[in-house]
Amino acid sequence: MAQPTQSHEVDTFLAGLAQYDVGPLWKVLGKQLTPTPETPVKPHLWRWKDLRPQLLRSGELVSAAEAERRVLMLLNPGLEGRVATTHTLYAGIQLILPGEVARTHRHTPNALRFIMEGQGAYTVVDGEKLPMQPGDFVLTPNWTWHEHGSEGTQPVVWLDGLDLPLAGMLAGTFFEPGRTESQDLTKPVENSTRGYQRGGLLPTWQRPAGGQSPLLKYAWSEARPALMDLGRDADSPFDGAMLEYVNPVTGGPSLATMASFLQRLRPGQKTQARRQSVSKVYLAVEGAGQTVVNGRTLEWGPGDVFAIPTWTSHAHQNPSASQDAILFSFSDAPVMQALGWYREQEL
Ligand code: 1HN
């Protein structure tokens, strides 16, 4: 490329442009058109042993009623000042105590929950009560009314995942508080799960419009055996054995903007490094292992959460001789795929 002329005349011209609210593209083109995705997001791990005491302390100091949602946000150190775990995804850990209700509301950002600890809590989604056990995966899709409560005797903790930063970037956020604290239960408990408990069958009485998943809860009691029953022949070199929580009608992601997965690393298993043009949040559910992210090792055990920036090399390993490791994860893959911006590279 020819070098633009450097002269006092050019400098004066450039300095004068700002007053017209224009600028010279040729000064920034290289920064705009990076050969591959660039992001300030840092790989980061949040430890359960740090998170849990702080969350329980928040429960002594702040009520669910005061907080609306009592959540510690997992804030990426590369995105200071932003409510974001990656550039598109938000994750937090939420606490509900016996007898509490986190009042009903709805918003356009999609939300998912993975229950980490405690019995007796529930979420109500559009009039349907969904009791939650550790390991259950629960959806509150775009614009569905939702509240949480606990009828148990122990604190209940879960991981929240939302597309909040993406919604913010696209200025797509709408929010509405409920007029009452709780919704009327207009449907049978776990109504949306009826008919889906065996593979390959779909209820004939509901075919939802609008593309949202009709299934709002994926029970651990079904997900874990499904994962553990997979033979080695099902293993991917990059992920080990991996199942996706899908919309059963379309086979696509369970939420429009986020794909969620459960994966198993066998004792001694080490996966091959890869990078993908998606950002991800992982939760270690069982076992312990390591994920090597751009040469840096993140050591994880149950309850630890870690974030992987887009287009960043990562490989997992389970060093245990006897114990399986199970990871839950979610990513912004559906967005990148829908826009034709998904790429992956083996390393
Ligand atoms: C939200 O509505 C919940 O409903 C949790 O439990 C976390 C983070 C940001 C915005 C809305 C919930 C949230 C949230």
Side-chain angles (χ1 to χ4, degrees), residues 46 51 54-55 58-59 62-76 79 81-97 99-118 120-134 136-152 155-183 192 212-213 216-218 254-258 260 279 281 283 305 307 328 330 332:
W46 291 263
L51 295 177
Q54 298 305 322
L55 188 61
S58 78
V62 184
S63 70
E66 276 175 90
E68 177 133 353
R69 297 294 187 266
R70 192 198 289 108
V71 176
L72 293 182
M73 306 181 288
L74 306 183
L75 300 175
N76 193 286
L79 297 174
R82 288 181 54 190
V83 174
T85 311
T86 75
H87 66 301
T88 52
L89 304 173
Y90 157 96
I93 50 167
Q94 182 160 173
L95 169 68
I96 193 140
L97 292 171
E100 285 187 329
V101 172
R103 54 180 298 117
T104 198
H105 69 206
R106 63 177 174 177
H107 39 71
T108 49
N110 293 282
L112 60 86
R113 336 233 164 244
F114 191 95
I115 315 311
M116 297 173 71
E117 177 183 302
Y122 62 85
T123 290
V124 179
V125 183
D126 279 348
E128 175 181 339
K129 186 174 183 175
L130 301 160
M132 304 188 294
Q133 305 286 329
D136 287 354
F137 173 69
V138 175
L139 302 177
T140 55
N142 175 359
W143 211 237
T144 50
W145 290 107
H146 56 284
E147 77 204 56
H148 314 298
S150 174
E151 299 163 324
V156 177
V157 178
W158 61 79
L159 179 77
D160 288 315
L162 286 91
D163 51 12
L164 202 66
L166 177 71
M169 203 182 317
L170 299 177
T173 305
F174 292 82
F175 170 80
E176 186 179 352
R179 270 177 285 107
T180 52
E181 183 178 67
S182 290
Q183 301 167 47
S192 76
Q212 271 182 8
S213 177
L216 298 172
K217 171 177 160 178
Y218 303 68
S254 47
L255 293 166
T257 50
M258 295 184 285
S260 298
S279 65
V281 176
L283 166 68
V305 180
F328 166 78
F330 64 98
D332 53 13

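Start at 1 with the first residue, then count along the sequence. Atoms within a ligand are numbered from 1 in the order they appear, just like the ligands themselves.
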Chemist: So, applying side-chain contact (heavy atoms from CB on, under 4.5 Å) with Leu159, which one of Ile93, Ile115, Leu112 is it?
Modeler: Ile93
Chemist: Quick check against the 3.5 Å criterion: does Gln183 have a side-chain atom that pairs as donor or acceptor with the backbone of Gly127?
Modeler: yes
Chemist: Please identify which of these residues, Thr140, Thr144, Thr257, meets the side chain to side chain donor-acceptor pair (under 3.5 Å) condition with Asn110.
Modeler: Thr257
Chemist: Between Ser279 and Thr88, is any side-chain donor less than 3.5 angstrom from a side-chain acceptor?
Modeler: yes
Chemist: Tell me whether the rings of His107 and Phe175 are parallel (<30°), tilted (30 to 60°) or perpendicular (>60°).
Modeler: parallel
Chemist: Anything with a heavy atom under 4.0 Å from ligand 1 counts, so go ahead and list those protein residues by chain and number.
Modeler: Arg69, Tyr90, Gln94, His105, His107, Arg113, His146, His148, Asp160, Leu162, Leu164
Chemist: Which heavy-atom pair separates Leu95 from Leu55 by the least distance, and what is that distance?
Modeler: CD2-O, 3.3 Å
